[in-house]
Structure formats: C-alpha cells, structure tokens
*Asks:* 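Dropping the structure in here first, questions after.
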Amino acid sequence: MHEELATVLGLMPDEQKSVVAGREFWLGHLHGHEVVAVLSGIGKVAAATTATVLIEHFGVRRILFTGVAGGLGADVRVGDVIVASQFMQHDLDVSPLFPRYEVPGYGIAVFDADPGLTAALGRAVQATLADLPHVLLPGVVETFGLHAPRSHHGLLISGDRFVATTSECRVLQQALPKALAVEMEGAPFAQVCRDYGIPFAAVRTVSDRADDAAHVDFLAFLRQVASRYSWRIIDNFFRLSQIR
Ligand code: ADE
C-alpha cells in the first residue's frame with residue numbers, strides 16, 4: 001500500500017522513478033544495497049505482472065514482499081506479523097481436471113518461500129517486535145488494542161477477494177485449517193519467482209481478522225501500525241542480514 005511504500009522510500013537516500021507497465025518503480029540504495037521498491041498492485045494478476053517486470057526488466061536477484069493480511073489462525077491477532085513459509089491460492093479450482101487448489105502444469109498447490117531469505121526476514125521481524133516503543137508512535141498500542149504482538153511462521157493464502165465477512169472467513173478456516181492469514185498477492189509472487197528461480201520471502205502484518213469488522217479503521221491501521229512495521233522490518237533486514 002502507498003503508506004507502506006512511503007516509509008520504505010524514506011530509507012532510500014537516492015531513489016529515482018522509472019515507469020514500466022504503468023507502475024512506478026523506485027531504483028536506489030538501501031543500506032548500500034541496490035534495490036528496486038514498488039507497489040505490487042492489488043490482486044493476483046497485478047502481483048504477477050509486477051513480479052515479472054521486477055525480474056525481466058530490472059533483473060532483480062531476490063524479492064521481499066511486505067504488506068498486510070487478514071488473520072485466520074485461531075491465535076493470530078491484529079498487530080501480529082506473519083512470516084510466510086508457504087503460499088497457495090485459496091480461490092483456484094480446476095477440479096475435476098486437477099485436484100482442488102493445484103496449479104495446472106506445476107503438479108502442486110503449495111509454493112515454498114526461500115528458506116534463507118525467510119530466516120533473515122524472521123530475525124528482522126523479531127528485532128522489530130522486540131523494540132515496539134521505538135517502532136510505533138506513543139498511544140498507538142492502546143488505540144488499536146495491540147496485545148504483545150508476536151510473529152507466526154507458516155502458510156499464507158491468496159485470492160482475488162478481500163475477505164470481510166465472518167461466514168467467508170469460517171469457510172476458509174475449515175477448508176484450509178493450516179492457513180495463518182489471507183491476502184491477495186503472495187501466491188502469485190511465489191509462483192512467478194519459482195518460474196524464474198528467484199528467491200522470494202514475504203511478511204504480512206495482520207490488519208484485521210477477515211471477518212465482519214475487517215474494514216474498520218483499515219487506513220488508520222495501515223498508517224500507524226503496518227507501515228511503521230514495514231519500515232523497521234526492512235531496515236532491520238538489511239542491517240542484520242549478510243545478504244550480498
Ligand atoms: N489484506 C488485509 N486484510 C485482508 C483480508 N481480510 N482479505 C484479503 N486481503 C487482506
């Protein structure tokens with residue numbers, strides 16, 4: 001989201017805009033590393049295009065994704081952070097030709113995150129959550145009722161729907177009990193990165209519980225919590241990791 005990108009651009013001293021496929025890509029440096037920062041766009045098709053341009057046009061060698069998601073796991077609360085180890089599309093169904101959720105041509109439904117990149121991202125998330133008073137502005141913990149935010153590692157599911165009803169949330173929880181959270185872009189990024197052999201990792205701040213209250217205060221949460229998390233997680237990732 002724009003709010004998250006703005007905080008990340010704040011970490012880049014020299015960003016230059018380049019427009020490709022109607023998207024604004026920001027080229028520059030972050031802790032001395034050459035980076036390209038971009039909004040993925042919302043939904044699976046926009047995400048796949050953005051991933052493809054990053055790889056084909058800009059020649060990126062790895063991709064990190066930050067964003068927000070709706071919590072599904074029983075102990076996943078608003079303000080927690082999901083470090084994805086796996087991705088799948090919850091709305092893909094080519095049955096009876098292929099098993100439900102399987103991506104035709106791949107023989108699998110679940111795509112893995114890159115283990116090394118994901119471990120480094122996990123360390124960055126830990127460091128961020130351990131330092132919340134310096135990440136969030138005063139009063140924000142109380143405003144959003146955040147209770148000792150923690151991280152979860154596991155399955156993230158993607159689909160072309162903003163899940164905002166308790167009934168749809170229950171259907172997803174029953175169909176895919178291992179899913180920690182739902183969003184709209186992770187699985188297509190993982191699939192494109194697999195096609196090109198590019199390491200991919202993703203982190204998502206839980207902005208809502210994907211239920212009837214899912215739309216409440218979404219923008220305020222993005223500005224005051226999620227974009228602050230993204231900014232500090234990215235900063236910690238580059239500060240703590242040995243990525244070359
Ligand atoms: N991103 C953040 N919350 C979401 C939700 N409830 N459904 C889909 N994507 C989301």
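We count ligands from 1, going down the list as the structure has it; atoms in each ligand are counted the same way. Small disclaimer: the values here were computed from a predicted structure and weren't measured.
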*Asks:* Decide, yes or no, whether a salt bridge links R232 with D131 under the criterion of side-chain N to carboxylate O below 4.0 Å.
*Replies:* yes
*Asks:* Would R204 count as a contact of ligand 1 if the rule is a heavy atom under 4.0 Å away?
*Replies:* no
*Asks:* With a cut-off of 4.0 Å, which atoms of ligand 1 are near a heavy atom of A210?
*Replies:* 6 (N)
*Asks:* Considering non-hydrogen atoms of the protein only, which is the closest contact for atom 9 (N) of ligand 1, and what is the distance?
*Replies:* E183 CA, 3.4 Å
*Asks:* How close do A181 and A69 get, heavy atom to heavy atom, and via which atoms?
*Replies:* CB-CB, 3.8 Å
*Asks:* Could you tell me whether some N/O pair between V163 and ligand 1 is separated by less than 3.5 angstrom?
*Replies:* yes
*Asks:* Does the salt bridge (Lys or Arg N to Asp or Glu O under 4.0 Å) test come out yes or no for R161 and D91, once each step is laid out?
*Replies:* CA-CA 9 Å; R161 296 180 64 78; D91 58 353; over 6 Å; no
*Asks:* State the atoms of ligand 1, each with its element, that fall below the 4.0 Å cut-off from a heavy-atom position in S207.
*Replies:* 2 (C), 3 (N)
*Asks:* Report yes if the distance between the aromatic ring centroids of F87 and F65 is under 6.0 Å, otherwise no.
*Replies:* no
*Asks:* So do R194 and Y106 actually touch side chain to side chain, heavy atoms under 4.5 Å?
*Replies:* yes
*Asks:* Specify the protein heavy atom at minimum distance from atom 3 (N) of ligand 1: its residue, its atom name, and the distance to 0.1 Å.
*Replies:* D208 OD2, 2.6 Å
*Asks:* Specify the protein heavy atom at minimum distance from atom 8 (C) of ligand 1: its residue, its atom name, and the distance to 0.1 Å.
*Replies:* R161 O, 3.5 Å
*Asks:* Using distance alone, decide if ligand 1 has a nitrogen or oxygen within less than 3.5 Å of any nitrogen or oxygen in A164.
*Replies:* no
*Asks:* If I compare all heavy atoms of K44 with all of G159, which pair ends up nearest, and what's the gap?
*Replies:* CD-CA, 4.2 Å
*Asks:* Compute the centroid of each ring, for F200 and then for F111, and state whether the two points are separated by less than 6.0 Å.
*Replies:* no
*Asks:* Which ligand 1 atoms are under 4.0 Å away from a heavy-atom of M184?
*Replies:* 8 (C), 9 (N)
*Asks:* To the nearest 0.1 Å, how far is atom 4 (C) of ligand 1 from its closest protein heavy atom, and which atom is that?
*Replies:* F162 CE1, 3.3 Å
